[in-house]
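Input: a single structure, listed below in structure tokens.
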Amino acid sequence: MRVGLSLLLLICSVFCSEITDKTKLKWWQTSIIYQIYPRSFKDSDGDGVGDLKGIISKIDHFVYIGVKAIWLSPFYPSPMKDFGYDISNHTDVDPIFGTLDDFRTLLTECHKRDIKVIIDFVPNHTSDLHPWFLASVRGEEPYKDFYVWTDGIEGPDGTRIKPNNWLSVFGGEVWKWNEQRQQFYYHAFLEEQPDLNYRNPKVIEEMNNVIRFWSEMGVDGIRVDAITNLYEVEDVSLNEPLSEKPGVPEFQYEYLNHIYTSNLPEIEGAIRGWRNAMNEFKTEDGVPRFMVVEFYETPEKRNAYLGYGCDLPFNFDLVDPGITADCGGRCIRDMVDIEYSALPKHSWPNFVLGNHDRKRITKKRGAGAANAMNMLLLTLRGTPTTYYGEEIGMEEVYVPFEDTKDPWGLNYGKERYTEFSRDPCRTPLQWNGDSQSGFTTAEKPWLPVHDNYRTVNVETQKTSKELSPLQLYKQLAELRENTAFQKGDLKYAVVNDNIFSYIRNSVGDPRYLVTINFGKTNSKDDYTDYTDGRFLGRIIAHTGNMKNEPFYKEDMEVPLNGILLQPDQGLVIELLNKRQEL
Ligand code: GLC
Ligand code: MG
């Protein structure tokens, strides 16, 4: 009996290693994270703005496309000056989005389907209508020093003037004079978003309590907003040096080098505190709550955050400046390689194509690139984050200045608003061919629906006979469940001006070759130098066919010594165990 058991264990230690290995990965390493911008996902009550009940009604969409975690941009009470990133109560739901009970239902329904829920945590600032700020303006304790207040300096005519040259991320002034308190307050973003004072332990405690509130309810993780802006130096007499970047006007954030207001070392302590607050709560699967931070700096700087207790710093290398129109195979490999080579040992990589603050990938690469981009994102090693709409290849909508909603765009006026406005990437998700793409029954949604909604929508793409972005997305998400894609090595194969290709390998077979043409011309390449003697492969997934040859089909066998790909065409190929006869 005993011998039998040890024999079984021995056999298993050889053959089950892959299975046991796989269970070691945490959910946030094996899931695709899907970002929802609640205003634009699905409207349930016909007011033209998406809401929680809308999201609940579409949970099956997450199951269909195979995402196992959703991240919701803010749904808390807010005057909506920055569309929810100006919070007036951190522990409730804005009536425009529903109620706390709706959120609880969303959480329960997601968990029933094994989908994790990540919420947005906005620690840097509150709304100027938050009760803490109102009390702070009145000088009431304990809120008096909850924000960053200063007397400023005395101007030539005896008036008070701002203490330094600091600039807002959205452009212009960071110091706002408050008549009632007779002081200036600091705002890294809008003047309606006063910065909290993290040098005040009571602020730290209150924000830890926010984390406790949601963790207790059962949320699985947080996405930390604007982490770099959390601290400023105490000495507000310090002016920031000019960046000397050519062509940047004095008003624009990039005009200065933010040595006194960005990425200060004190941030580490705050993150450690949030981690501890989250760790007070057990989870069913034993995996601690997840924390990802928003961070647009160099890989060295973002990776430092891994040591502070955050699980992932978002890797925006593909987003900002990211994959531009001219970035070919080698250029994309280099961008991907930054993540792999800069990451400390045993840390987990991640990749993002877009979010609610940056241009959609189809804006930069054209609608035809959607499939190639999703193939890249979903077959790389590391956690992918998909911005809603990417799964159907949604495109940006042109919004005239007169209809612009985003304060960042409006700040720059008619001349320059298109460079900054985030409205075009935030338009309603296109569900079907009905009026307003089935997003709302309102006559006018808060942002316009793209004209292409009759063909580019979830329903049409589900049933389309020709391979649609949605179908490919679903297929790739299923493929990611395979160990080779979840945790196998990634080795670069053919890389040139057009092609970026790589081999995904697992402990044993099968191995996969992913090859995508990111260039502007056809490319025929020999991959056999990278396939360990194998010369034949079988197509598992392809990005769809163009007008001209080559036409690819699933299950088709292809010789690996001459694969022809058109621009934006990509293949996932299973390498067959056939070696060249000598
Ligand atoms: C982050 C958010 C952005 C918001 C800003 C201020 O960058 O992603 O949408 O405007 O913080 O909260
Ligand atoms: Mg609504």
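Residue indices begin at 1 and follow the sequence shown. Just so you know, ligand 1 is whichever comes first in the structure, and atom 1 is the first atom listed for that ligand. None of the values given here were measured: they were computed from a predicted structure.
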Quick one: sort the [X] and [Y] rings into parallel, tilted or perpendicular, breaks at 30° and 60°.
| X | Y | answer |
| --- | --- | --- |
| His61 | Phe41 | tilted |
| Phe83 | Trp446 | tilted |
| Phe189 | His125 | tilted |

Do we get [X] above [Y]'s six-membered ring, with its NZ or CZ under 6.0 Å from the centre and within 45° of the axis?
| X | Y | result |
| --- | --- | --- |
| Arg358 | Tyr296 | yes |
| Lys462 | Tyr64 | yes |
| Arg223 | Phe295 | no |
| Lys58 | Trp431 | yes |

Which of the numbered atoms in ligand 1 are below 4.0 angstrom from a heavy atom of [X]?
| X | result |
| --- | --- |
| His125 | 6 (C), 12 (O) |
| Arg422 | 3 (C), 4 (C), 9 (O), 10 (O) |
| Asp82 | 4 (C), 5 (C), 6 (C), 10 (O), 12 (O) |
| Phe170 | 10 (O) |

request  = Verify, without hydrogens or angle tests, whether Tyr417 (side chain) and Phe401 (backbone) share a donor-acceptor contact under 3.5 angstrom.
outcome  = yes
query = Does Asn178 use its side chain to pair, donor to acceptor, with the backbone of Phe184 at less than 3.5 Å?
reply = no
remark   = re atom 5 (C) of ligand 1, the protein heavy-atom contact at minimum distance is Phe189 CE2, 3.8 Å
key: Nearest-neighbour protein heavy atom for atom 8 (O) of ligand 1, which is reported as residue plus atom name and distance   = Asp357 OD2, 2.4 Å
key: Heavy-atom nearest neighbour of atom 7 (O) of ligand 1 within options Gln193, Glu294, Arg426   = Glu294
Of the listed options Thr228, Asp406, Val169, Asp225, closest to atom 2 (C) of ligand 1 (non-hydrogen atoms) = Asp225
Name of whichever N/O/S atom of [X] is nearest to the Mg ion (ligand 2):
| X | answer |
| --- | --- |
| Asp51 | OD2 |
| Asp47 | OD1 |
| Asp45 | OD1 |
| Asp43 | OD1 |

query = Are any N, O or S atoms from Val49 nearer to the Mg ion (ligand 2) than 2.8 Å?
reply = yes
message = If we only consider heavy atoms of Arg358, is any one of them less than 4.0 Å away from an atom in ligand 1?
response = no
